[in-house]
Amino acid sequence: MSVAKQLARKELIDMVPYQSARRLYSGGNEVKQKIWLNANEASGQGIYQLNSDCINRYPDFQPENLISAYSEYSKLARENILATRGADEGIELLIRTFCTAYQDNILICPPTYGMYSISAENHGAGIIKVPLTEDCQLDLDAMAQQVGKAKLVFLCSPGNPTGNLLSASSIKATLDMFSDSAVVVVDEAYIEFSPEQSVASWLAQYPQLVVLRTLSKAFALAGLRCGFTLANADIITMLSKVIAPYPIALPVAEIASSNLAASGVQQMNTRVQQSNFLRQQLADWLENQDWCTKVFASDANFILFQTSSTDEKHFIFNSLVAQDILIRDQSAQLNLTNCLRISIGSDDELLKLKQTITMAFANRKNTQNILQNEN
Ligand SMILES: *Cc1c(COP(=O)(O)O)cnc(C)c1O
């Protein structure tokens, strides 16, 4: 039996997905050659102009141009790819597909991305937490204790908000450990910042592996809402029963496809190089600040660091807010006391951030000196 059939919610196994007009007869390149009277669409389009002249028609369930473009980019077959409204929808689909509400659990390794537990709670799935080790790697011994108790294991590599990659050997160990009891999801939202570390090429060896991708980070298209779930065909088929009948809007498919063409990928790579360079600069600067007690290693487009006290954390955060610079407080996360996260913006933005912090501390010191002299 396939992994998908073995682990999916029982009611999904024989379920036939909604047979939309477009699923029965996909459009593809033939949209204009047929007379479409099967979906209650209008015969002409409204006033909004688009490159494609078929916006009066429902889009394909999985737009052909988009799946081909991502297949080319990821070097995976089309049957291994499901396009979703962001990676977030992939997370939600996985939980809805594999977890029976009020019965099944997911396993997460905090500190980690927040949406795994939000989606689980929304669906009524339980959450088993196995914290990362002090060096932000998987605690394999503790995970081994949970084998058989979770349907889905969410790994995030590079991790958000920690920033570092998980070791390939620990991801392999997790896949082996949960081989016949759970789907192991590797969230690669930031993998373009260290592409050689992707585990997408492991799909052929591991039927239980799922990889999440997105155009929101390195591709700079967060507003588009487009992501991809990569998995073996039986898992993709099962997820296709749960996803909406027309998840990807026509303009989204068009914009995403053009960004995945050679010139788009080249632009993305240039952006990644620049971001990695600026990240190193910022890390070096943070290392030299006396209020900074730890800079977490990052393989992504952000840096997590720890401040020396809660007062210092608030001082830095609020000094930045006062200048309309927003960073993210991560101190509510497990083991991230007094930690802040900075996204790698432009050269100018990061320069302004450093100047603002430097100025704030200098002003504070001056004020303290004046008060001391007055006493
Ligand atoms: C940003 C992010 C996502 C969600 O990406 P979308 O495609 O915008 O939904 C998923 N996982 C992680 C780890 C992220 O940081």
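Here, residue 1 is the first one in the sequence, and each next residue gets the next number. Counting starts at 1 for both ligands and their atoms, in listed order.
- Closest heavy-atom approach to atom 7 (O) of ligand 1 among the candidates Leu224, Leu215, Ile91, Thr214: Thr214.
- The only option from Val184, Asp176, Val199, Asn232 that meets the side-chain contact (heavy atoms from CB on, under 4.5 Å) definition with Tyr206 turns out to be Asp176.
- Side chains of Ser2 and Asp234: a donor on one and an acceptor on the other come within 3.5 Å.
- Any N or O atom pair closer than 3.5 Å counts here, and Asp187 shares at least one such pair with ligand 1.
- No hydrogens or angles considered: a donor-acceptor pair under 3.5 Å links the side chains of Glu188 and Ser198.
- Atom 9 (O) of ligand 1 has Arg225 NH2, 2.8 Å as its closest protein atom, hydrogens excluded (heavy atom only).
- Within ligand 1, counting atoms from 1 as listed, the ones closer than 4.0 Å to a heavy atom of Gly86 are 6 (P), 7 (O), 9 (O).
- The closest protein non-hydrogen atom to atom 2 (C) of ligand 1 is Lys217 NZ, 2.5 Å.
- Closest protein heavy atom to atom 4 (C) of ligand 1: Asp88 OD1, 3.3 Å.
- Ring planes of Tyr73 and Phe219: perpendicular class, angle over 60° (limits at 30 and 60°).
- Residue-level proximity to ligand 1 for Glu89 is absent, since no heavy atom of it falls below 4.0 angstrom.
- Comparing Tyr190, Tyr113, Phe228 by heavy-atom distance to atom 15 (O) of ligand 1, the nearest is Tyr190.
- Cys156 counts as a contact of ligand 1, since one of its heavy atoms falls under 4.0 Å from the ligand.
- Centroid-to-centroid, the aromatic rings of Tyr190 and Phe302 come within less than 6.0 Å.
- Between Arg364 and Glu312 there is a salt bridge, since at least one side-chain N of the basic residue sits less than 4.0 Å from a carboxylate O of the acidic one.
- Here is the list of ligand 1 atoms found below 4.0 Å of a heavy atom in Ser216: 6 (P), 7 (O), 8 (O).
- Considering backbone and side-chain atoms alike, Cys226 places every N or O at 3.5 Å or more from each N or O of ligand 1.
- For the side-chain contact (heavy atoms from CB on, under 4.5 Å) criterion with Val153, the lone passing option out of Ile128, Thr174, Val130 is Thr174.
- Residues Leu138 and Thr133 are not in side-chain contact: their nearest non-hydrogen atoms beyond the backbone lie 4.5 Å or more apart.
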